[in-house]
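The sequence lines fix the lettering, A, B, ..., with proteins before strands; numbering per chain opens at 1. Just so it is clear, the model here is predicted, and its values are computed rather than measured.
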Amino acid sequence: MKATFAKTLSANDVGATGSHQAGILVPKADKELMAFFPVLDPAILNPDAWIICIDEFGDEWKFRYVYYNNRLHAEHGTRNEYRLTYLTKFFKRMGAKAGDSLLFSTTNEVGKYRISLKRKELPAEDSPPGVIVLQGWRRVH
DNA sequence: AGCCATGCACCG
DNA sequence: CGGTGCATGGCT
């Protein structure tokens, strides 16, 4: 199944906030996304998987897909979320800024994705009030 | 649910 | 010793 998803980058995602955690959040609420990315076993504490991403120039990037789930394991755990980390170098190379979009699409190979960075769209000067700038993840195809 | 932030380990 | 990433806590 071919699919494409886009994630609008937040300031924290690209490391612009001073967080040394360049990495984006993957909502576990989205079933399509859960199927899109590797399956991580909740029975394991903080399981992770590495995915290969090819950018538009043919360069390969390895990203870490982690399921922080200590809430399900540790006594007073508070985490229960999926994240994509290890993106610092990629963002630096691409010069990603908050508001840009990162696109993921599947390839023939399992665990391999095609990615590209889409620049933030400038707000149309004649935008009627109430126009919503999409945030977070959304399915493109 | 999602984004922001921090203490510490590791490595050049 | 500064940058990077991990794991976790905090705030909205």
Cluster check [X], [Y]: I/L/V/M/F/W/Y, side chain < 4.5 angstrom:
| X | Y | answer |
| --- | --- | --- |
| A/Y67 | A/Y113 | yes |
| A/F63 | A/L103 | no |
| A/I54 | A/L102 | no |

[X] [atom1] - [N] [atom2] separation (whole Å):
| X | N | atom1 | atom2 | result |
| --- | --- | --- | --- | --- |
| A/E75 | C/dG9 | CD | P | 13 Å |
| A/E81 | C/dA7 | CD | P | 13 Å |
| A/L72 | C/dT8 | CG | P | 12 Å |
| A/N69 | C/dG9 | CG | P | 13 Å |
| A/Q21 | B/dA9 | CD | C1' | 14 Å |
| A/L84 | C/dA7 | CG | P | 14 Å |
| A/L25 | C/dT8 | CG | P | 16 Å |
| A/N12 | C/dT12 | CG | P | 14 Å |

Can you find a donor-acceptor N/O pair under 3.5 angstrom joining the side chain of A/R64 to the base of C/dG5?
-> no
Hey, is the side chain of A/R83 pairing donor to acceptor with the base of B/dG2 inside 3.5 Å?
-> no
Could you tell me whether the side chains of A/R114 and A/T106 share a donor-acceptor contact shorter than 3.5 Å?
-> no
Assign A/T85 to base, sugar-phosphate, or nothing according to its heavy-atom contacts below 4.0 angstrom with the strands shown.
-> sugar-phosphate
Give one of base, sugar-phosphate or nothing for A/A74, where a contact means two heavy atoms less than 4.0 Å apart.
-> nothing
A/P27, nearest nucleotide to its side chain (from C/dG5, B/dG2, C/dA7) | B/dG2
Would one find a side-chain N or O of [X] under 4.0 angstrom from OP1 or OP2 of [N]?
| X | N | result |
| --- | --- | --- |
| A/K92 | C/dG3 | no |
| A/S10 | B/dC4 | yes |
| A/T88 | C/dG3 | no |
| A/N70 | C/dG9 | yes |
| A/K28 | B/dA1 | yes |

Relative to the 5' end of DNA chain B, which residue comes earlier, A/A29 or A/D13, by the nucleotide with the nearest heavy atom?
-> A/A29
Taking for each residue the nucleotide of DNA chain B with the nearest heavy atom, is it A/K7 or A/S19 whose nucleotide lies nearer the 5' end?
-> A/K7
Calculate, to the nearest 0.5 Å, the distance between atoms CG and OG belonging to A/D55 and A/S116 respectively.
-> 9.0 Å
With distance as the sole test, does A/N69 use its side chain to make a donor-acceptor pair with the main-chain N or O of A/N46 at under 3.5 Å?
-> yes
Using heavy atoms to find the nearest nucleotide of DNA chain C for A/V66 and A/R79 separately, return the residue whose nucleotide is more 5′.
-> A/V66
Starting from the 5' end of DNA chain C, give me the residue, A/H20 or A/T78, whose nearest nucleotide shows up first.
-> A/H20
Apart from A/Y86 itself, members of its ILVMFWY cluster (side-chain separation under 4.5 Å) are A/W50
Taking the six-membered ring for Trp, are the ring centroids of A/F37 and A/Y82 within less than 6.0 Å of each other?
-> no
Note the angle between the end axes of the helix from B/dA1-C/dT12 to B/dG12-C/dC1, five pairs defining each, rounded to 10 degrees.
-> 10°
